[in-house]
Enquirer: 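Would you mind keeping the following structure in view while I ask a few things?
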Amino acid sequence: MILTNTLGGARQEFVPLSPPFAGVYVCGPTVYGDSHLGHGKSYTGFDVLVRWLARSGYRVRYVQNITDVGHLTDDADSGEDKVQKQAAIERVEPMELAERYTASYFEDMDALGNIRPDISPRASGHIPEQIELVENLLAKGNAYEADGSVYFSVESFPGYGALSGRIPADLIPGARVEAAPGKRDPRDFALWKAALPGHILKWRSPWGAGYPGWHLECSAMAMRYLGETVDIHGGGLENVFPHHESERAQSEAATGRQFVRFWLHNNMVTVGGTKMGKSLGNFITLKQIFSDYDPMVVRLYILRSHYRSPLDFTPEGLQSAKSAWERLVELRRRVSGSPAGAAPGEAMTSAAAELKEGITRALDDDLDTPGAVASLFEFTRKANSILDAPCGDGDRALAALALDDLPADVLGLRPGAPSAVSGVDALLAALGEAREAMRKGRLYAEADRMRDTLSAAGYSVRDQPDGKSSIVRQ
RNA sequence: GGCGGCGUAGCCAAGUGGUAAGGCAGCGGAUUGCAAAUCCGUCAUUCAGCGGUUCGACCCCGCUCGCCGCCUCCA
């Protein structure tokens, strides 16, 4: 399996430190609002990574943090904690707010079909680990204390900049660097910040009441659950610098070992070419999209672009994904309930084999989900073609099996249950029989009126070559 | 100013040295009582532009134009 490693920038064969174990750490959300499409793209991409690693035989441990310590809205000491700020607006406790949006986040991810991480550690629950890391860095001389805050000394870590390609000397000119009081060097970053009066989210530490710096939680939690060297660390492209660069520096300075073997970064969702982001106000939440589109449509929409490419959001694109998704649903419906046991024909056997090969080849090549989706639609066309001709249960059963294998298990594209409400299926079957009887009696006006009524109620009529009619949910 | 990325049909989007996947939309046809669904055919002599390397380039190199990200919390 080839992956593009941000560290070095090259495509490399993925090899974990201790096969068959593979540790994956992905930067999770800061829970102070509903998730938007950008979160959906990022976590769906990593979901396919984790599923594919597992399918490839690795024993994966997937850790994704929940950031419930808000950090600051800006770099100055006067900046507010994002969680605390939103909690004040919603008039709830900060932790109440975090809990609310953590639940909202999981709800959206579940809808998208993303498998839950094996561990979802909360930053607020790992303060002792973070303090320990700071103490370690102080002892090693990579950090220093100033007025109750502790800063990491960038100068003390020669490898700083290797991940993002930034040369430390370049970091000063041009960039807006706050001359925070106490910092010896503007490039230094906070490991621990002293809490100013009014700051609610704070903890006792050897340096007084305060809270952890921006990058510390990921280092502490990744190393706690995945060891000092993590196989894969993923996140959004915008986190390469300074977040991951700093994370890498403080972790490697503390342990003296390589922190991450493979850094993976996914690209942004854009709107009209501009990044979709919380602070820009141009975001669309997943819940908003789900009110108009099946979450699986959104998943397909996301997987049709590569994780390292930007995805420009348009309503037309989503609509096109919807049409495509309905073809998949229709095919799966056609082959459902086929008795197993009968032998499939040669054509379906080879189509199923090509599907498997196509998806495998695509995912092994740096998680080329658009390529995998292309294979899936080639299969859709071939399978429909075979099913249009007289064929046996063996063909139908094999097509169902093929769709339920890699497309559903690895890409996560799984049509929902036909009907959640009991009795509806029987009702639809009865209506289908009624239409069949009308058409046989040449009562076309009545039959068409029934079709119009059902259509208005959200159901489609499918007349089959054998004269039977089926009614399906649109 | 520094670092990085992108520009492929009407729209979306793979390919990254051997002669342009796939989806949506459109058009023609098969099928149908009419539809829907499905299938078949069609849809880029060309990959932002200009040079160069090569037997051969969308793919490598150079330049130009356009767009974007990061350098401040952000998936």
Enquirer: Side-chain donor or acceptor of Arg451(A) under 3.5 Å from a matching atom on the base of G33(B)?
Expert: no
Enquirer: At 4.0 Å (heavy atoms only), tell me whether Ser309(A) reaches a base, stays on the sugar-phosphate, or touches nothing.
Expert: sugar-phosphate
Enquirer: Of Glu330(A) and Val373(A), whose closest RNA chain B nucleotide lies nearer the 5' terminus?
Expert: Val373(A)
Enquirer: Assign Asp368(A) to base, sugar-phosphate, or nothing according to its heavy-atom contacts below 4.0 angstrom with the strands shown.
Expert: sugar-phosphate
Enquirer: Measure from the side chain of Arg381(A), starting at C-beta and using heavy atoms only, and say which of A14(B), C71(B), C40(B) lies closest.
Expert: C40(B)
Enquirer: So does Asn267(A) reach the base of G69(B) with its side chain, donor to acceptor, closer than 3.5 Å?
Expert: no
Enquirer: So that I can tick it off, tell me whether Lys275(A) and Glu238(A) are bridged by a salt bridge, with the cut-off set at under 4.0 angstrom between side-chain N and carboxylate O.
Expert: no
Enquirer: Select base, sugar-phosphate, or nothing to describe what Val269(A) touches, counting heavy atoms under 4.0 Å on all strands.
Expert: base
Enquirer: Would Asp294(A) and Lys322(A) pass as an ion pair if we require N to O under 4.0 Å?
Expert: no
Enquirer: For the pair Arg361(A) and Asp368(A), find out whether any cationic side-chain nitrogen is under 4.0 Å from an anionic carboxylate oxygen.
Expert: no
Enquirer: How long is the line joining CG of Leu237(A) and C1' of G69(B), in whole Å?
Expert: 6 Å
Enquirer: Determine which bases of RNA chain B form Watson-Crick or G-U wobble pairs with both distances under 3.5 Å, and write the result as a 5' to 3' dot-bracket string with | for other-strand partners.
Expert: (((((((..(((.....[...))).(((((.......))))).....(((((..]....))))))))))))....
Enquirer: Check whether Phe106(A) forms a cation-pi arrangement with Arg116(A) (NZ or CZ under 6.0 Å from the six-membered ring centre, at most 45° off the ring normal).
Expert: yes
Enquirer: G2(B) and C63(B): how far apart are their P atoms, nearest whole angstrom?
Expert: 14 Å
Enquirer: Can you figure out which of G33(B), G22(B), A75(B) approaches the side chain of Asn266(A) most closely?
Expert: A75(B)
Enquirer: Do Ser251(A) side-chain atoms and Glu247(A) backbone N/O form a donor-acceptor pair below 3.5 Å?
Expert: yes
Enquirer: Give the C-alpha distance, both sets of side-chain angles, the deciding distance and a yes or no for side-chain hydrogen bond (donor to acceptor under 3.5 Å, both in side chains) between Gln288(A) and Tyr293(A).
Expert: CA-CA 9 Å; Gln288(A) 286 173 313; Tyr293(A) 293 93; over 6 Å; no
Enquirer: Any base atoms under 4.0 Å from Pro465(A), or only sugar-phosphate, or nothing? Heavy atoms, all strands.
Expert: nothing
Enquirer: Report the distance from atom CG of Asp188(A) to atom C1' of C71(B), rounded to the nearest whole Å.
Expert: 16 Å
Enquirer: Roughly how many Å apart are G7(B) and G15(B), using the P atom of each and rounding to a whole number?
Expert: 10 Å
Enquirer: Categorize Ser164(A) for me: base, sugar-phosphate, or nothing, with a 4.0 angstrom heavy-atom threshold over every strand shown.
Expert: sugar-phosphate
Enquirer: Please check if atom CD in Glu155(A) has more than 12 non-hydrogen atoms from other residues, nucleotides or ligands closer than 6.0 Å.
Expert: no
Enquirer: Please state whether the rings of His36(A) and Phe283(A) are parallel, tilted or perpendicular, taking 30° and 60° as the class boundaries.
Expert: tilted
Enquirer: If you look at every strand shown and take non-hydrogen atoms under 4.0 Å, does Asn239(A) touch a base, only sugar-phosphate, or nothing?
Expert: sugar-phosphate
Enquirer: For atom P, what is the distance between A75(B) and C70(B), given to the nearest Å?
Expert: 12 Å
Enquirer: Taking any heavy-atom pair under 4.0 Å as a contact, classify Ser385(A): base, sugar-phosphate, or nothing.
Expert: sugar-phosphate
Enquirer: Counting any heavy atom closer than 4.0 Å, what does Gly38(A) reach on the DNA or RNA strands: base, sugar-phosphate only, or nothing?
Expert: base
Enquirer: I want to verify a distance call: between A21(B), U38(B), A75(B), whose nearest atom is closest to the Glu378(A) side chain?
Expert: A21(B)
Enquirer: Could you state the CD-P distance from Glu357(A) to A21(B), rounded to the nearest angstrom?
Expert: 19 Å
Enquirer: Expressed as a whole number of Å, how far does the C1' atom of G51(B) sit from that of U19(B)?
Expert: 22 Å
Enquirer: Over all strands shown, is Thr274(A) touching base, sugar-phosphate only, or nothing at heavy-atom distances under 4.0 angstrom?
Expert: sugar-phosphate
Enquirer: To the nearest Å, give me how far apart NE2 (His265(A)) and P (C74(B)) are.
Expert: 12 Å
Enquirer: Given the P atoms of G66(B) and C74(B), what is the spacing between them in whole Å?
Expert: 32 Å
Enquirer: Measure from the side chain of Ser320(A), starting at C-beta and using heavy atoms only, and say which of C24(B), U38(B), A75(B) lies closest.
Expert: C24(B)
Enquirer: Quote, to the nearest angstrom, the C1' distance that separates G33(B) from G23(B).
Expert: 33 Å
Enquirer: Could you tell me whether Asp188(A) and Arg184(A) have a side-chain N and a carboxylate O separated by less than 4.0 Å?
Expert: no
Enquirer: If I take atom CZ in residue Arg308(A) and atom C1' in nucleotide A14(B), what distance separates them, rounded to the nearest angstrom?
Expert: 12 Å
Enquirer: Taking C61(B) as the reference, what is the distance to G18(B) when you measure between their P atoms (whole Å, please)?
Expert: 16 Å
Enquirer: Any N or O donor-acceptor pair linking the side chain of Asp312(A) to the base of C67(B) at under 3.5 Å?
Expert: no
Enquirer: Whether the side chain of Lys275(A) and the base of C74(B) hold a donor-acceptor pair under 3.5 Å is what I'd like checked.
Expert: yes
Enquirer: In whole Å, measure the gap between the P atoms of G22(B) and G41(B) for me.
Expert: 11 Å
Enquirer: Using a strict 4.0 Å threshold on nitrogen-to-oxygen distance, state whether Glu330(A) and Arg333(A) make a salt bridge.
Expert: yes
Enquirer: Tell me whether the ring of Tyr444(A) lies stacked over the G33(B) base, given a 5.5 Å limit on centroids and a 30° limit on the plane angle.
Expert: yes
Enquirer: Taking atom P of U72(B) as reference, at what distance in whole Å does atom CZ of Arg187(A) sit?
Expert: 13 Å
Enquirer: To the nearest Å, how far apart are Leu300(A) CG and A14(B) P?
Expert: 13 Å
Enquirer: Taking the side chain of Ala374(A) as its heavy atoms from C-beta onward, which of A13(B), C70(B), G22(B) lies nearest to it?
Expert: G22(B)
Enquirer: I need the CG-P distance between Asp452(A) and C34(B), as an integer number of Å.
Expert: 16 Å
Enquirer: For the side chain of Phe377(A), starting at C-beta, report the closest nucleotide among G22(B), A25(B), C39(B).
Expert: G22(B)
